[in-house]
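Keep in mind the model is a prediction, meaning the values are calculated, not measured. Chain identifiers are assigned alphabetically (A, B, ...) following the order of the sequence lines, protein sequences preceding nucleic acid strands; residue numbering begins at 1 within each chain. Atom set for the values below is all heavy atoms of this structure, side chains included, hydrogens, waters and symmetry mates excluded.
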Amino acid sequence: MATMERSKLILFITVLLHFCSSILPSAAAISSGASDGYTINGRVKVEGMGVKGFTLPGKISNAKVILNGGQNVTYLRPDGYFSFHNIPAGTHLIEVAALGFFFSPVRVDVSARNPGKVQAALTENRKGLNELILEPLREEQYYEIREPFSIMNVIKSPMGLMVGFMLIVVFLMPKLMENMDPEEIRRAQEEMRSQGVPSLANLIPGAGRN
Amino acid sequence: MAMAVRVFLLLTLLFLYANFSSALYEDQVGLMDWHQQYIGKVKHAVFHTQRAGRKRVVVSTEENAIASLDLRTGDIFWRHVLGANDAVDGIDIALGKYVITLSSEGSILRAWNLPDGQMVWETFLRGSTSSNSLLSILTNFKMDKENMVLVFGGGCLHAVSSIDGETIWRKELATESFEIRQILQSPESDIIHALGFVGSSKFVTYKIDAKNGELLKHTSTAFPGGFPGELSLVSADTVVALDATRSILVSISFQNGETSFHQTFISDLVADSAGVATILPARLTGIFAMKINSFIVFISVTDEHKLEVVQKITYPAAVSDVLSFSEGQKAFALVQHGGSRIQLVVKLDNDWSTDLLKESIEIDPKKGFVEKVFINNYIRTDRSHGFRALVVMEDHSLLLLQQGDIVWSREDGLASIIDMTTSELPVEKKGVSVAKVEHNLFEWLKGHFLKLKGTLMLASPDDITSIQEMRLKSSEKNKMTRDHNGFRKLLIVLTKAGKLYALHTGDGRVIWSLLLSSLRRSEVCEHPTGLNIYQWQVPHHHAMDENPSVLVVGKCGLGFDAPGVFSFVDSYTGKELDSLSLAHSVAQVITLPFTDSTEQRLHLLIDASNHAHVYPRNLEAVNILERELPNIYWYSVEYQRDIITGHALKGNCILDVEDEYCFNTRELWSIVFPSEAEKIIATATRKLNEVVHTQAKVIADQDVMYKYISRNLLFVATVAPKAAGEIGSATPEESWLVVYLIDTITGRILHRVTHFGSQGPVHAVFSENWVIYHYFNLRAHRYEMSVIEIYDQSRAGNKDVWKLVLGKHNLTSAISSYSRPEVMVKSQTYFFTHSVKTMAVTSTSKGITSKQLLIGTIGDQVLALDKRYLDPRRSPDPTQTEREEGIIPLTDSLPIIPQSYVTHSLKVEGLRGIVTVPAKLESTSLVFAYGVDLFFTRIAPSRTYDSLTEDFSYALLLITIVALIAAIFVTWILSENKELREKWSLTVQ
C-alpha cells in the first residue's frame, strides 16, 4: 500500500517537474553539432571563489564531472566550466564528484526536436535550473569536531558522573538524614545492626575493633 | 535500593551515549587505516627536467591515469584517473608548462597545468571515421611563439593551438580505413609530411603546409604484398615496413613525391627466421629494430636500400626512443638481462660501436623482465652528459635507474588487483612479551596523560604532534604475529601482471611478493591471465605446524576454453610450493566445505565441457566427494543467452583416459529468460563464509519472525534489452527491471518483482535473509535502492511457550529445498543520491553485530550506511514500541552523513571492489577497498561495544579511582569522628 502511494507521489512530482521546466526559459547552453551528437556546457560554481572570480579554490580543482554514472568523465577548467561532447539526445544525469562538497545530481534533457534547447533540474530537491550552473548544496565535513574543553564535559563523562554521584551521597545524604525523624533513624539503624549488614568500618581490617 | 539501580542504569546509558559517534576525529587519521596511491602500468613517459626547480616525469598508464611524479623520489605530485572508456593515446609537454594528453581514440585533447595538474583547456576533435590516433607537437615550428599540437584521429588531421586549445585548421584525409603512422616535420620549412596506409595495400604520403593545412602534395602507391600496419622511420625519406606475410622487409623511399619499394627477405638477413617478425616502434636514425623469435635484431638501412644486420640480442630486452641531448646528437637506451642483473646501455644512434653509458644493475628477480624503457639526460658537474632511465618491469613496477643504482621504485602492479583473500599470521611464540612497547609505568602514564590532554583539548601543538607520533609508532599493530582481536592479518592480492603480494593490515607494507611462474608469458602460454585466488590450506586442527597456503587459478589464453593453470603459494614465506598446468579449462571454481586430513580444502573445477574435476588430486578427496556426491549442487549463469542452469554431479567421467578425479555432471533445471523482453545484468548470492547468529528476529510487540536463511538463494536482475545501455538511451515506457529470488537447488522462483520505468546498472548485495539492490529509476530520474527481506512462514507458529516446552514445535525439523517453502517477503524502496560503483556488506565473526552497507560511490569514496535505514518495516510514523526497537521513521531518500564515509577525506581512485573480513572481535569488521588506490580500515557498525576504544583515557579512570578512594577515607574518618563524638556525648549524659 505504501509503495502504491509513493509511486503516485513520484508521478505527481515528475509531472510538476515537467511543468516547471516547460515554463522556464531555455536553460544551459547546448550546441548542436554534427548529425550524431550534442554538446552540453555547464559550470560549477562554489561560493567563496567569487572574489577572485576565475580561480577555483584548491579543494574543488580536482573535481570530476560525471555523465550518466561514468559514461563520460570530464574535469573543470580554471574558470569552472566543463563540457561534454558528442552526447545523443535524451535525458541524462550529471554528477559532480568533489571532495568536501555535496552536489545534487542534475537531470539534463537534450531535445532532438528543437536542438539548442535544454532543460535541467536538480534531482535532489527538484529545483529547475535556468542555466546549467551547479552549486554545492552543502559542504561536507568528514571528521567529528572535537569540542573545546569545558568543565561540563568532564562532569558529563561517566567518570565525572561517578564522582558526582559519590559527592551527592556523601554530602547530601547526611543532610537528608538530618531532616528525618531521629527515632526513625535509630529504628532503622537497629534493624540494620540486627541484620548484620556490614558497615564500612567492618570492611576495613583493624577498623572494626572498637 | 530501587533508586540506586535507576541511577546505575542512567549511568550506563550515559556511558553508552558518550561513545555514540562512530565517526573519526581528524587526529585519528592513520591510526587504524592506511591509504596507498598508485598509477598502474606506465604506457608513456615524458620527462621535464630542463628548467631549474622540481624535476618531474609525466606518465600515462593503462589504468587511464595521468600523473606527474617527482623524479627524485617517485612520489606523486598530482594525478588524474580518467574515465573507464577514456584511454590515453598520447602524452606530451607543450610550451614547457602544459601536459597535453590525447584520449578516447583521438577525440579528446586536454591540456593540464604542469605544476599543479589543473586542467587548462579541453578540445573535442570531431572525426569522421574511426582510425588510429597520433599526437605530435611541432616544436620547431613557431606560430606567434606558441607550439602547435598536431593530432590525427578519426580520419582527420587537426592542428590545435597549445595555448587555448583552439583548432587552427582541420584537414579531412578521409578515405576509407586510412591510418597515419608517422608525422614528420621538416626542420627548416613549415612543411609537414604525414605517412600512412590505406587499407592494407596502399602507402600514402601527404605533404601539408603547417600554417594553414593546405594540402601541397599527395601520393598513393599500391604495394601488392600488403602491409600489416607497422612502420619504422629510418631517415627523412625512408621508412621500413613488413609485408602482410611478415617475411619480407620493405623499405619505402618517398623522395620528391615518388615512392619506391625495395624488398628484402628476412631469411636473407637472419638465419633462423621461422617466427613472426614485428617491427619495434623505436625511432633511430638509419637503423630500425625488429623482434623475431627470441631476438631483437637491429638492421641498418644504407642509401642504396641495402639492409644489414648490425646486432642481434636475445629477447628479454627493451629499446627506448631516441633522445636528442645536445647539438645534433641523439641517443637511445638498450636494456638487456643477464641473470639477476640488467645491463643498461646508452648508445649514439648513428654510431653503433661506442657506448655512452654502460651500467649493470642488480634487480630483484621477482620483478620479472624489463618491458619498457624511457631515457632522459642530465648534465653532470663535470659538464659531461649523464643519463637516467625509467624502466617498466613485467610486474608493472616502475624503477628509476641512475648512476648504476635504483634511485626509487614504485610497486604499481598493485593498481590492478584482480582478486584477494586473507591469511592469518603465525601464532606468537612463547618468550616474546606483548608489553614490550611500554618501557615503564611512568612512560605509560605519561603517554596516557598526553592522550587525556588531547581529548580534553588542553594539549599544545607540541603535545599533539607527540601524541600523533606515539599513536602511529605503536608497533603493536605492525607486528608479524596473530593478535588477540584478529586485526592483524595478511591481505594476499593477485594482480593483473600475475604477481601476488602479501600486505600487512597494520600499515599496508608488502611482506612478500611473488611473480607467479605459471602466469608469466612463455612459449607455451602466450596470454596467461590470472582469475581467482582461494584459501587452499588453513591449518587449525591437524596440521597446526604447517603454513597456510593459497591457490591461484589462472588460464593460459583469452578464450573460455583455454587450459587452466594452478599455483600453490605458501602464505607466510611467499614461496611457490607447486604449480600445475591443467589439461582442462576452468569455467567455474567451487570451494567445497570439506577438507582432507592435511586440511587442504576441496575445490571443484567445472570446465567448458561441463566436466567437474576435484582438487587436491588424492584418493581421500575423491572418497570425501563420493560420500557427499548427492549434496553438491551449483548453478551457472550465461549472460549472452540469458539462461540460468542448475547442475549436480553424476559419477565418474567416461573418457578415453581413465581419470578418477573427473566427474560427470547433469543439468537439473534451467530458467530461460525471454531474450526479447529480459536480459540478465546482475546476480548476487550470499557469501559462503557468512555467519548468521540467529534465525529468529524479535519484533516490537513480543512477536517473533523467522528469517528464511538459505545459502542457495540467488538474486537475479534482468532489464529490457532496449534499456540495457547507458542512462538516457531508453525512455521510461520501454524500460523495466525485473528482480528474481531463485532457489539454486530446485530452480524455484521464490519471489519476483518488476520495477517499471527502471534500468541498470544494478549493484546488489545479499546477506542473511535480505538483498539490497541499487538501480536507476527513469521516471523520477534518480537512483533508487530497494530492500527485500524473506521470512519463513512455516516456523511462524512457534510462538506458544507451551508448545516449546512440550516439544511440539518444528524448530528442529530439517530444512530442505525440496519442500515447498512458505515464505513471506517484505520490501521497501528509497531514493539514493549517488551513482554506485560497487557495494559490500560488513561481516563479523559471529554475526551478532548489526550490519552496515558499504557503498562505493561514483566519487570513489566508501560510504557506510546502517542496514536500519533499509528496513522494510520502516513507516512514516512508527509506534512507540517500534521506535524503542530502533525503527527509523520513513523518509523518501537515504541519508548521506558525511561523517559516515569510511574513507573520510580520502579517495580510492578508480574504485573497483570492497572486501570485508571479520576480525576476531565481534564488533569489528575489516574493510579493504581497492582500485587504482588501496584503502584499508576497520569499522565497528554498532560501535566497539566489546572493547575499549583506542582513545580510552586510562588516566581519567585512574584519577577517578584515586578520587573515590580518597573520598572513602575522608568520609570514613569523618564518620569515625562523628561516632566518637556521639559516644562521648552519650557518656556525658
| How far apart are the C-alpha atoms of B:F124 and A:T39, what are their side-chain angles, what is the distance that settles it, and do they pass the side chain to side chain contact (heavy atoms under 4.5 Å, CB included) test? | CA-CA 10 Å; B:F124 177 69; A:T39 301; 5.8 Å; no
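- With hydrogens and angles disregarded, no donor-acceptor distance shorter than 3.5 Å links the side chain of B:H834 to the backbone of A:G69.
- Around the CD atom of B:E982, the shell of radius 6.0 Å holds more than 12 heavy atoms that belong to other residues, nucleotides or ligands.
- Interface remark: A:Q71 contributes backbone and side-chain atoms alike to the contact with chain B (heavy atom separation under 4.5 Å).
- Contact tally against chain B (heavy-atom pairs below 4.5 Å) for A:G90, A:P105, A:S104: the top residue is A:P105.
- Remark: A:E124 pairs with B:R782 by the salt bridge (Lys or Arg N to Asp or Glu O under 4.0 Å) rule, at least two apart or across chains.
- Contact count against chain A (heavy-atom pairs under 4.5 Å) is highest for B:S905 among B:S905, B:A84, B:S893.
- Heavy-atom distances place no part of B:W78 under 4.5 Å from chain A, backbone and side chain included.
- For chain A, the nearby parts of B:L957 are the backbone and the side chain; heavy atoms of each come within less than 4.5 Å.
- Taken to the nearest 0.5 Å, the OG1 atom of B:T123 stands 7.5 Å off from the NE2 atom of A:H85.
- Within the 4.5 angstrom heavy-atom criterion, only side-chain atoms of A:F102, from C-beta onward, approach chain B.
- Among residues two or more places apart in sequence or in another chain, the side-chain contact (heavy atoms from CB on, under 4.5 Å) test is passed with B:D86 by B:L82, B:S103, B:S104, B:I108, B:R110.
- The line from OG1 of B:T903 to CG of A:L99 is 8.0 Å long, rounded to the nearest 0.5 Å.
- In this structure, the portion of B:D860 lying under 4.5 Å from any heavy atom of chain A is its side chain and not its backbone.
- Remark: side-chain polar atoms of A:K64 are paired, donor with acceptor, to backbone N or O of B:V81 under 3.5 angstrom.
- For A:L67, no part sits under 4.5 Å from any heavy atom of chain B, backbone or side chain.
- Residues B:M119 and A:P78 approach most closely at O-CD, 3.0 Å, considering heavy atoms.
- The distance from atom CD of B:E122 to atom CZ of A:R77, rounded to the nearest 0.5 Å, is 6.0 Å.
- Considering OG1 of B:T971 and CG of A:L167, their distance stands at 10.5 Å, rounded to 0.5 Å.
- Here A:Y142 contributes atom OH and B:Q899 contributes atom CD; the two are 10.0 Å apart, rounded to the nearest 0.5 Å.
- For A:L93, the parts lying near chain B are the backbone and the side chain together; criterion is any non-hydrogen pair under 4.5 Å.
- Judged by distance alone, the side chain of A:E95 and the main-chain N or O of B:S835 form a donor-acceptor pair under 3.5 Å.
- Nearest approach of B:I896 to A:E140, heavy atoms of both residues: CG2-OE2, 4.2 Å.
- Of the atoms belonging to B:I897, not a single heavy atom falls under 4.5 Å from chain A.
- Here the OG1-CD1 distance, from A:T91 to B:I727, works out to 11.0 Å after rounding to the nearest 0.5 Å.
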